[in-house]
Amino acid sequence: MHGNLRRFLPGGADRTMLEVEPGATIKALLAGLGAERDTWLVAVNGVTTDRDRELRPDDVLDCFDPVAAGCAHEARRRRDRCPARRCLG
């Protein structure tokens, strides 16, 4: 679990080992942890995938929460007050 999703694991850990029932999907695992609504992207063994994918022994599941990003000038640019009128980094 990455970012704020760590709160769904014991002690706020960023990783743990879980045993799941055969045929368990990522969606079911996230629901069991209470993290289904907060998880934006999932990857298994380093490859993004759908939540309907069944987990297999030794799979490594990574879960990511949404990340907000943008220009420091974004709010001002929207109000047409940024003198640069573009993001300068």
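Just so it is clear, the model here is predicted, and its values are computed rather than measured.
The structure places CG of D65 at 9.0 Å from CZ of F8, a figure rounded to the nearest 0.5 Å. To the nearest 0.5 Å, atoms CD (E54) and CG (D59) are separated by 10.5 Å. A distance of 10.5 Å separates CD1 of I26 from CG of D62, quoted to the nearest 0.5 Å.
Considering only heavy atoms from C-beta on, L9 stays 4.5 Å or farther from R15 through its side chain. R53 has its side chain within reach of V44: a pair of non-hydrogen atoms, C-beta onward, lies under 4.5 Å apart. Taking the side chain as every heavy atom from C-beta outward, E36 and L29 never approach each other to under 4.5 Å. Residues L30 and R51 meet the side-chain proximity criterion, which asks for heavy atoms closer than 4.5 Å. Using a 4.5 Å heavy-atom threshold, the side chains of T48 and V42 count as separate. Here the side chains of L61 and C63 are in contact, with some heavy-atom distance below 4.5 Å.
A salt bridge does not link D50 with K27: none of the charged nitrogens is closer than 4.0 Å to a carboxylate oxygen.
Counting all heavy atoms, side chain and backbone alike, D58 lies closest to N45 at O-OD1, 4.0 Å.
D14 and H2 are not linked by any side-chain donor-acceptor pair at a separation below 3.5 angstrom, with hydrogens and angles left out of the test.
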Worked verdict on N4 versus D38 for side chain to side chain donor-acceptor pair (under 3.5 Å): CA-CA 9 Å; N4 290 320; D38 295 272; over 6 Å; no
Evaluation steps, side-chain contact (heavy atoms from CB on, under 4.5 Å), between L33 and M1: CA-CA 11 Å; L33 292 172; M1 297 286 207; 3.7 Å; yes
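By the criterion of side-chain heavy atoms lying less than 4.5 angstrom apart, applied directly or through intervening Ile, Leu, Val, Met, Phe, Trp or Tyr residues, L41 is not grouped with L5; the two fall into different hydrophobic clusters.
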